[in-house]
Structure formats: structure tokens, C-alpha cells
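What follows is a single structure, written as C-alpha cells, with notes after it.
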Amino acid sequence: MIVIEPNEERYLLSRVSSGDQIAFRKIYDAYFDRLSSYVFKFNKSEEITTEIVQDVFLKIWLSRDVLGNINSLQAYIFTAARNLSIDYLRKLARETQLVELLDEHLKIAQDDIDQKLGLAELRSIIDQGMEGLSEQKKQIFKLSKLDGLSHDEVADLMQLSKSTVKNHLSETLKHLREHLRKNPDYDYLLLVALLNFLH
């Protein structure tokens with residue numbers, strides 16, 4: 001296991017904040033295994049653990065300009081991992097709730113189970129509704145509504161103000177709701193279920 005001494009840590013943080021990829025790789029190698037073990041305790045899935053850990057290091061790299069201001073790299077990394085793990089669990093809970101809500105509406109609206117509109121199709125409808133929006137709005141929506149990040153976290157990750165994030169998200173949701181209401185191909189109750197998801 002690679003161990004980074006405190007003096008070396010401060011040097012590496014300084015180098016990473018300047019965009020040094022070699023220094024970043026050393027931090028990555030030093031913390032990857034420990035971080036993976038920690039994250040695995042939250043979700044018990046190797047695949048999800050790898051995804052979250054990669055997201056932690058991506059977030060660190062994208063926010064590297066603030067690394068010189070932190071006192072403890074270990075605390076910073078593990079806090080980021082904990083927050084992303086909790087966000088994943090919240091996202092999973094929301095998706096589970098959405099599926100249950102859809103099932104309930106489908107029992108009322110449709111007799112034929114083969115007519116079910118699944119979560120994947122709902123996501124497809126969202127993708128269609130996102131066409132024509134700016135890449136920034138698409139990214140804000142993904143981070144907030146699909147990845148479960150808070151407005152503060154999205155603002156920090158994208159280097160935007162919190163008010164800008166909220167305004168873009170509000171405009172995107174309004175656009176999507178209009179798209180869904182005009183869509184003639186799907187049962188109204190299903191659209192209501194999706195609109196409840198897009199609060």
C-alpha cells in the first residue's frame with residue numbers, strides 16, 4: 001500500500017492544483033484501494049463501487065484549483081466518497097419509488113402487462129425532450145435529477161453560481177413538462193407519474 005507522508009501530500013496537492021497529472025496519479029494510486037473498500041460498505045456492489053470511486057477522483061481533478069486550500073487530503077477524499085455514496089443511495093430510492101408508482105398507475109390504466117412503459121422508456125422520453133437544450137442545461141439536469149447531486153454540489157462541480165444552476169434547472173424542467181404534455185403516444189397517468197419524479 002502506497003503511503004503519502006504529510007509533507008509530500010502538501011507538495012502533491014500543490015502540483016495537482018497546477019494540473020500535474022503525474023502527481024494526481026500518485027494520489028489516485030495511494031487512495032484507490034482504501035477508498036474502494038470504504039465505498040463498498042455502502043452499496044455491496046463492485047461495479048457501483050468502481051463507478052463512485054472514479055467519480056470521486058474525477059470530481060477532485062475537476063476541482064483541483066481548490067486543493068491547495070484543504071488541510072487533510074484523506075478527509076477531503078473520504079468525505080467526497082461518503083457524499084457520493086449517499087447520493088447514489090438516494091437516487092436508487094427515488095428510482096425504486098418511481099418504478100413502484102408506475103406499477104400502481106399501470107395496474108389502473110392498462111390490463112395488458114406487455115404494454116408497460118418501463119423506466120428505460122421514460123428516460124428515452126426525457127432524452128427526446130432534452131433535444132435543443134444547451135449542453136450546460138443537459139449536464140445540470142443529469143447531475144441534479146439523475147445523479148442526485150445537490151444544487152451546491154452541481155454549482156461547485158461546474159464552476160457556476162447556485163442561482164445559475166437553479167435557474168437552468170427550472171427552465172429545463174418547464175421545457176420537459178411541456179414536451180411530456182404534448183406527447184400523444186403515452187398514457188396521461190404515466191406522464192403524471194413522471195412529472196411527479198421531475199419535481
Worksheet item: Where the side chain of Asp156 meets the backbone of Asp152, is there a donor-acceptor pair that is under 3.5 Å apart?
Response: no
Worksheet item: Would a distance-only check, ignoring hydrogens and angles, find a side-chain to backbone donor-acceptor pair under 3.5 Å from Thr172 to His168?
Response: yes
Mind checking side chain to side chain contact (heavy atoms under 4.5 Å, CB included) for [X] and listing every partner two or more places apart, or none if nothing turns up?
X	result
Ser72	Gln74, Ala75
Thr49	Ser36, Val39, Phe40, Asn43, Val53
Arg25	Tyr28, Asp29

Check whether any side-chain heavy atom of [X] lies under 4.5 Å from a side-chain heavy atom of [Y], and answer yes or no.
X	Y	answer
Gln21	Trp61	yes
Leu12	Leu73	no
Arg34	Ile77	no
Tyr31	Val56	no
Leu133	His175	yes
Val66	Tyr76	yes
Met130	Phe141	yes
Ile60	Ile27	no

Worksheet item: For Glu135, which residues count as a salt bridge (charged side-chain N to carboxylate O under 4.0 Å, His left out) partner, sequence neighbours excluded?
Response: Lys138
Worksheet entry | Non-neighbouring partners of Asp33 that pass salt bridge (charged side-chain N to carboxylate O under 4.0 Å, His left out), sequence neighbours left out | none
Can you measure from [atom1] ([X]) to [atom2] ([Y]) and round to the nearest 0.5 angstrom?
X	Y	atom1	atom2	value
Leu84	Gln54	CG	CD	12.0 Å
Ser170	Ile140	OG	CD1	11.5 Å
Asp20	Arg64	CG	CZ	10.5 Å
Ile52	Asp87	CD1	CG	9.0 Å
Gln139	Leu160	CD	CG	10.5 Å
Leu143	His151	CG	NE2	11.0 Å

Worksheet item: Got more than 12 heavy atoms from elsewhere within 6.0 Å of CD, Gln159?
Response: yes
Item to complete: Go through the structure and list residues passing ring pair (Phe, Tyr, Trp, His ring centres under 6.0 Å) with Tyr38, not counting sequence neighbours.
Response: Phe42, Phe78
